[in-house]
Amino acid sequence: MILKSVIEMYRSVMDLRYNPLRFIPDPVLQGYLLMALFVMWSAFFGLIAIYYMGWVGYSIPVSIGVHLSLVVPTIITNAVFLEAERNTSE
C-alpha cells in the first residue's frame, strides 16, 4: 500500500505521462522543462546540503537565503505545472 502511494507520488512529478507537463503537446519542450526543473531542484538540494554540512556559517542572511531557496523553486514548479495545464484549454 505504501509502495503504491510512493510510486504515484513519483509519477505525479517525474513521469511526463502523469504530471501536468503532459498537457504540452511538444515532447521536446516537455523534456526540456522537466530537465530545467530537475536542475533547479538539484541546486536547491545542493544548497541545503552545503548549509547543513556546516560549510556555510549560520547567519540571518544565510537563513533567509536557505528559506528562499525552498520557496522560490516551489513557486516556479507550481507555475510551470499550472501553465502547462492552462495551455490545454486553448
Side-chain angles (χ1 to χ4, degrees):
M1 195 62 148
I2 293 175
L3 180 60
K4 186 177 179 181
S5 65
V6 169
I7 290 171
E8 288 174 4
M9 285 189 302
Y10 173 83
R11 284 182 176 167
S12 70
V13 175
M14 298 303 295
D15 193 331
L16 290 171
R17 295 172 296 167
Y18 299 98
N19 72 26
L21 295 178
R22 72 181 181 271
F23 297 113
I24 297 174
D26 183 12
V28 174
L29 185 57
Q30 286 177 348
Y32 171 77
L33 289 172
L34 191 63
M35 184 60 68
L37 292 170
F38 167 76
V39 170
M40 177 185 65
W41 279 104
S42 294
F44 160 71
F45 287 119
L47 288 173
I48 293 297
I50 289 171
Y51 178 73
Y52 283 109
M53 291 176 71
W55 294 348
V56 178
Y58 178 79
S59 67
I60 291 175
V62 169
S63 179
I64 291 170
V66 169
H67 284 86
L68 284 176
S69 70
L70 174 63
V71 172
V72 171
T74 303
I75 291 170
I76 292 171
T77 300
N78 185 49
V80 169
F81 283 179
L82 289 175
E83 187 63 28
E85 196 168 353
R86 190 176 304 127
N87 283 336
T88 61
S89 62
E90 294 177 2

Novice: Say you draw a straight line from CE of M40 to CG of L37; how long is it, rounded to the nearest 0.5 Å?
Specialist: 5.0 Å
Novice: When Ile, Leu, Val, Met, Phe, Trp and Tyr are grouped by side-chain heavy atoms lying under 4.5 Å apart, directly or through other members, which residues fall in the same group as V71?
Specialist: I75
Novice: Please name the pair of heavy atoms, one in P20 and one in A84, separated by the smallest distance, quoted to 0.1 Å.
Specialist: O-CB, 3.3 Å
Novice: To the closest 0.5 Å, what do you measure between CG (L29) and CD1 (I24)?
Specialist: 5.0 Å
Novice: Using a 3.5 Å distance criterion without hydrogens, assess whether the side chain of R22 forms a donor-acceptor pair with backbone atoms of Y18.
Specialist: yes
Novice: Rounded to the nearest 0.5 Å, what's the gap from CG on L33 to CD on E83? Could you check?
Specialist: 10.5 Å
Novice: V80, L82: one ILVMFWY side-chain cluster at the under-4.5 Å cut-off?
Specialist: no
Novice: Answer yes or no: is there a side-chain heavy-atom contact under 4.5 Å between N19 and L34?
Specialist: yes
Novice: Under 4.5 Å between side-chain heavy atoms, chaining through other members, with only Ile, Leu, Val, Met, Phe, Trp and Tyr counted: pull out the rest of the cluster around V39, sorted by chain and number.
Specialist: M35, F38
Novice: Name all pairs fulfilling the side-chain hydrogen bond (donor to acceptor under 3.5 Å, both in side chains) condition that reach into residues 28-39, sequence neighbours left out, sorted by first residue then second.
Specialist: none
Novice: Give me the other members of the hydrophobic cluster that F23 sits in, counting Ile, Leu, Val, Met, Phe, Trp and Tyr linked by side-chain heavy atoms under 4.5 Å, directly or via other members.
Specialist: none
Novice: Taking side-chain hydrogen bond (donor to acceptor under 3.5 Å, both in side chains) as the test, write out the residues that go with T77, two or more places apart.
Specialist: W41
